[in-house]
Each structure stands twice: as structure tokens, then as C-alpha cells.
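The structure appears right after this line, and notes come after that.
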Amino acid sequence: MEKIIPSVKGTRDFYPEEMAIRSWLYRTLREVSESFGYQEYDGPFLEKIDLYAAKSGEELVKEQAFVFPDRGGDLITLRPELTPSLARMVAQRQRQLTFPLRWWSFGPFWRYERPQKGRTREFFQWNIDLIGANSPESDAELVAICVAFFKKTGLKPDQVGVFVNDRRLMDAELEKLGISDAEMKKRVFRLIDRRDKMHPEDWAAYSIEVGLSVDQFEGLKTILDNRELWKNSPEMQRFFESLRAFGADEYVHYNPQVIRGLEYYTGTVFEAYDLGRDGRAILGGGHYDNLVADVGGEPLPGVGFAMGDVMIGLVLQKYGCLPPLGTAPADVLVTVFDETLLVESQKAARQFRELGLRTIGYTEIVRLPRQLKFADRMNIRFVVIVGPDEASAGQVTVKDLAKGDQFTTTIVEAVETIKKLLA
RNA sequence: GUGGCUGUAGCUCAAUGGCAGAGCACCUGACUGUGGAUCAGGUGGUUGUGGGUUCGACCCCCAUCAGCCACCCCA
């Protein structure tokens, strides 16, 4: 056997089983997105590197993007995220579009990272944004969409949760501690982000490194341990009230430690987690003040989030929320009795198809047991046999592999019976 | 980018440095107009790749590639 050329590191082959899951996920995301009136869009998979130079984290482009020169010498990037493309698309038609804009997308992205559990180099991502909106209720809508997705897939509030915070609130609270310098705030946000990942002593040491006084450090801990902090924020109060109206509050929790790395978030920020012991982040998003800031154009606030297909796939599998696998490609298999009846079988298969049943006609002349075994393996429930007796009588024999019984009748009647049995 | 674990039949895995095996799957038959079950027989391997040590390497050493895991980062 020839040596098989291996696939590119961090990519996945989608065999029919996996493809069925991917399609199911796409369908589900579409249903959820469209139920809130969002429109599907997409950008190019290839972009010039300049698009990401200004925006995004520096690391995302420099360390994590697939970049290569095209034949003309331009540096081309396999898109590592969608937001910059979205910003351009919106900016280009800022005067023509009707705001607020509700857009969603599901497509492939690439990041040159070391593959591990829940992370590949080629992955799909659900992006959904509400652009040109600036209220806590808009923010709540996005969280509600996320919750609607959880509900639709059967994930329960004790399995997954959305944790919410507000950067404006945190800004105000840090001000109270005498932390007002912008650079300092950035470092403190980073410190907050690291809390759960470090030992308490190391984290305390890190706080000194960041430049916090002992009093400020104690104050910060008090803030981070206060699950009622949101009550200090009129926006958060409206947000949670709205969430109740959306019927999504069961899944949503306030958590002052949610900050998020991306710098462009300016208000509400949220992250969804698997609540299990080894739980990891499923999706993240938040409110931004100006989507098109770096592209020019009018200030345009909005809110959105992104969810990768790999992590959510693992979570859905873990909680048994994936659709059943091994679904049959056809309802009927029309077998070939022998060479002389091959054409009869093909004609029969065509009639089954025309009468609305998904039908495979066997195209090889092999022994009957083998064809039955094929049907069994493929999970095809009904096997049609056109033998000499049937052919001369203008009938077919239909065997129901699920029940084990069989009957002989005309094709029209057979189709009716099969449809009843499938219903 | 850093560290750890693992690579043996299509799959899941065995094999003190001394003949490379099992289960499942596959093929054939028992069963010439009927799948699953059972029984009998059979096919299947450059032990990831390249070096080294040794009389002898799946086993020990080095390198490399891949997968997994943890960091890092994030979705």
C-alpha cells in the first residue's frame, strides 16, 4: 500500500458521522440566530494581513495567524477571527445599512496554535453581533441568544452557565480604590484575569509587581468576592432585569472576575462555561463602543460573541446532547436479484425515488445475503427484492429489517406502507 | 514557544532484550430467494520514521514526526 500522506497538523477530517454533527450544529445555530431575527453573512476566508495589524491583539496576528505571501508578494492571512472583516463590511456600507444590525455567521477560522483538547488549528466559529445598539437590553439580548442555544440543545443550568460583568462598573470600583491611571487599570484587569489560575501567594506577589498597595490589594479582593457588586451599576441592574424578561436568567450569574482579554470590550463582558469540574470556556463576548474605530466612519457601538465548534462539541457530547449517530442515508435499498433483473431493479429504484423515498439501488451483481448485510450495516430499514416471481407479477417484495417480516405488493402500495411505518 | 505521556493488524490493546499475539472488524463456508445470532476456517505487520547500542531490539539510547495532556494564549 502506498504511504498515506498525513493531514495537516491540527486539522480534522469530517467523515459522514462528524459531518452530520457539524451540519446539525450549523442548523441549530441558524435556527437560534434566525429566531431572534438575525441575518446570516460571511466575509472572505483570506484577508490581507493589514486588516489585522491595527486591530486584534498583537499576538493573534504575529504568533497565531497563518500568513503567507501570494504570487504578487502581498501577505495573505487565513482569517483568525471575523470581527475585523465585519468591521470593514459595516464601515463600507455604513450609510446604507439599517441599524441596529443583527448579523450572524458560522464559518472556518485558522490559528497556528499547539493543538490540544478543545483546540485545533482549523476550527469553526459562530459569530453573532448586534451593531448600532447601546443599551443594557441589547447586551442582554446577546446573552439571551446564547442561553436560547443552550436550551435548544438540551444543556441544563446546572451544566453550563454564563458569567457576566461590566467593565464600566469595574472601572468605577477601581477608581474608588484610587486606581485611575489607564495603564494601571489594564495591569489590574490582567491581575484579575489571572486570579483563578495562580496560587493565592503567587497572586498576591503578582499584585505587588503590578503596583498595588496593600490596602488596594485588600480592596480588590473585597470587590472580587462580592457577588452583589452588580447592584452598584444601573446598567447591570437593567441588564439583569431584561434577562428575566428574556427568560434567560436561570443560566446567568454575576461574576466580578470576568474581564476578558480583548481590549476592545468597553462595557458588559460575558463568558459561558461548562460548570463541570474540568469545565472550560465555551464562548465569550461583550459590549464594544466602536466597531469601526480603526477603519474610520461614525462611532458604532455594539455587542457580540463568538463560540468555537470544538469546545461546544465536547461539552455537548459530555452531556449527551448530540443528535443520534449512524442515521441511515436511505429509507430503501433495492437489491439486484441477478444480471437479467438488474434493469428491473433500477427501474423500481427510480419509482421509489419518484414517490418520495430516499432510495439506494444496488449497482453491483452480488449475492443477496451480501446486499441484505449492506442494508443492515448502513442502517437502511427496508430492503426491496425484485426476483423472477415479483417481476412477472409486476410486484416487489419489501422486507422490514427492523421487524423482520416482509410483504409482496405493487410499488405504489409498498411506498404507502413504508411511509406509514416510517412515520 | 515550554514541559510531560503515548505511537505494535482496519479498531482497542498484549508481548523479562530471545519464534509479534488476542478481542473486535474483514473474507470464505455451514446457508444457490433473505441481514443481525452461532459454529468452523482464513486474510491481515518494514512494531510511526531515521540512526545507535547489542550475538540478538517492539523493548535500551539519540534524533525526528504525529497524537494526547498541562502551561502559554484564547474561542
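The sequence lines fix the lettering, A, B, ..., with proteins before strands; numbering per chain opens at 1.
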Can you list everything that forms a salt bridge (charged side-chain N to carboxylate O under 4.0 Å, His left out) with Glu390(A)? Sequence neighbours excluded, please.
none

What pairs of donor and acceptor atoms, side-chain ones from residues 412-423 of chain A against any protein atom, are under 3.5 angstrom apart with sequence neighbours left out?
| from | atom 1 | to | atom 2 | distance (Å) |
| --- | --- | --- | --- | --- |
| Glu413(A) | OE1 | Thr409(A) | OG1 | 2.9 |
| Thr417(A) | OG1 | Glu413(A) | O | 2.9 |
| Lys419(A) | NZ | Leu355(A) | O | 2.8 |

Send over the distance from Arg370(A) CZ to rU28(B) C1', rounded to a whole Å.
11 Å

Return the value, rounded to whole Å, for the distance between atom CZ of Phe109(A) and atom C1' of rC73(B).
18 Å

Taking atom types as they are modelled, is there a donor-acceptor pair under 3.5 Å from the base of rA75(B) to the side chain of Glu271(A)?
no

Helical stems, RNA chain B - three or more consecutive Watson-Crick or G-U wobble pairs below 3.5 Å:
B:1-7 with B:65-71, B:10-13 with B:21-24, B:26-30 with B:38-42, B:48-52 with B:60-64

For Arg381(A), answer base if it contacts any base atom (sugar-phosphate contacts may also be present), sugar-phosphate if it contacts only those atoms, and nothing otherwise; contact means non-hydrogen atoms under 4.0 Å.
nothing

Expressed in angstrom and rounded to an integer, what is the separation of Asp376(A) atom CG from rU34(B) atom P?
16 Å

Please report, rounded to the nearest Å, how far the C1' atom of rA30(B) is from the CZ atom of Arg367(A).
11 Å

Mind checking whether Tyr38(A) and Trp103(A) have ring centres under 6.0 Å apart?
no

Classify the side chain of Arg119(A) and the base of rA75(B) as holding, or not holding, a donor-acceptor pair under 3.5 Å.
no

Distance in angstrom units between Ile385(A) CD1 and rG35(B) C1', rounded:
10 Å

Separation of atom OH in Tyr112(A) from atom C1' in rC72(B), rounded to whole Å
16 Å

Using the C1' atoms only, state how far rG3(B) lies from rC60(B), rounded to an integer number of Å.
23 Å

Could a donor-acceptor pair under 3.5 angstrom be found where the side chain of Gln371(A) meets the base of rG33(B)?
no

Check this for me: does the side-chain of Arg114(A) come within 3.5 Å of the base of rU2(B) through a donor and an acceptor?
yes

Taking the P atom of each, how far is rU34(B) from rA15(B), in whole Å?
45 Å

Options rG33(B), rC68(B), rC73(B), nucleotide nearest the side-chain atoms of Pro115(A)
rC68(B)

Output side-chain donor-acceptor pairs under 3.5 Å for residues 121-132 of chain A, partner residues at least two apart or in another chain, one line each.
| from | atom 1 | to | atom 2 | distance (Å) |
| --- | --- | --- | --- | --- |
| Arg121(A) | NE | Glu113(A) | O | 2.6 |
| Arg121(A) | NH2 | Glu113(A) | O | 3.4 |
| Glu122(A) | OE2 | Trp110(A) | NE1 | 2.8 |
| Gln125(A) | OE1 | Asn127(A) | ND2 | 3.2 |
| Trp126(A) | NE1 | Ser33(A) | OG | 3.2 |
| Asp129(A) | OD2 | Tyr288(A) | OH | 2.7 |

For Arg102(A), salt bridge (charged side-chain N to carboxylate O under 4.0 Å, His left out) partners two or more places apart
Glu141(A)

Does the base of rG67(B) carry an N or O that pairs as donor and acceptor with the side chain of Lys9(A) under 3.5 Å?
no

Determine, answering yes or no, if Phe123(A) is stacked on rA75(B) under the 5.5 Å centre rule and the 30° plane rule.
yes

With a 3.5 Å cut-off and just heavy-atom distances, do the side chain of Gln406(A) and the base of rU34(B) make a donor-acceptor pair?
yes

Applying a 4.0 Å non-hydrogen cut-off, can you work out what Gly10(A) is touching in the nucleic acid: base, sugar-phosphate, or nothing?
sugar-phosphate

Leu341(A) CG to rU32(B) C1', in whole Å, measures 16 Å

Mind checking the P distance from rA75(B) to rA14(B)? Whole angstroms is fine.
39 Å

Does the ring center of Phe305(A) lie less than 6.0 Å from the ring center of Trp104(A)?
no

Over all heavy atoms of both residues, which pair between Gly304(A) and Leu142(A) is shortest? Give the atoms and the distance, please.
CA-CD1, 4.0 Å

Of the options rG35(B), rC71(B), rC73(B), whose atoms approach the side-chain atoms of Glu113(A) most closely?
rC73(B)

From NZ of Lys373(A) over to P of rG33(B), roughly how many Å is that when rounded to an integer?
19 Å

What residues, two or more places apart in sequence or in another chain, satisfy salt bridge (charged side-chain N to carboxylate O under 4.0 Å, His left out) together with Glu31(A)?
Lys152(A)

Ranking Val8(A) and Leu401(A) by the position along RNA chain B of their nearest nucleotide, the one closer to 5' is Leu401(A)

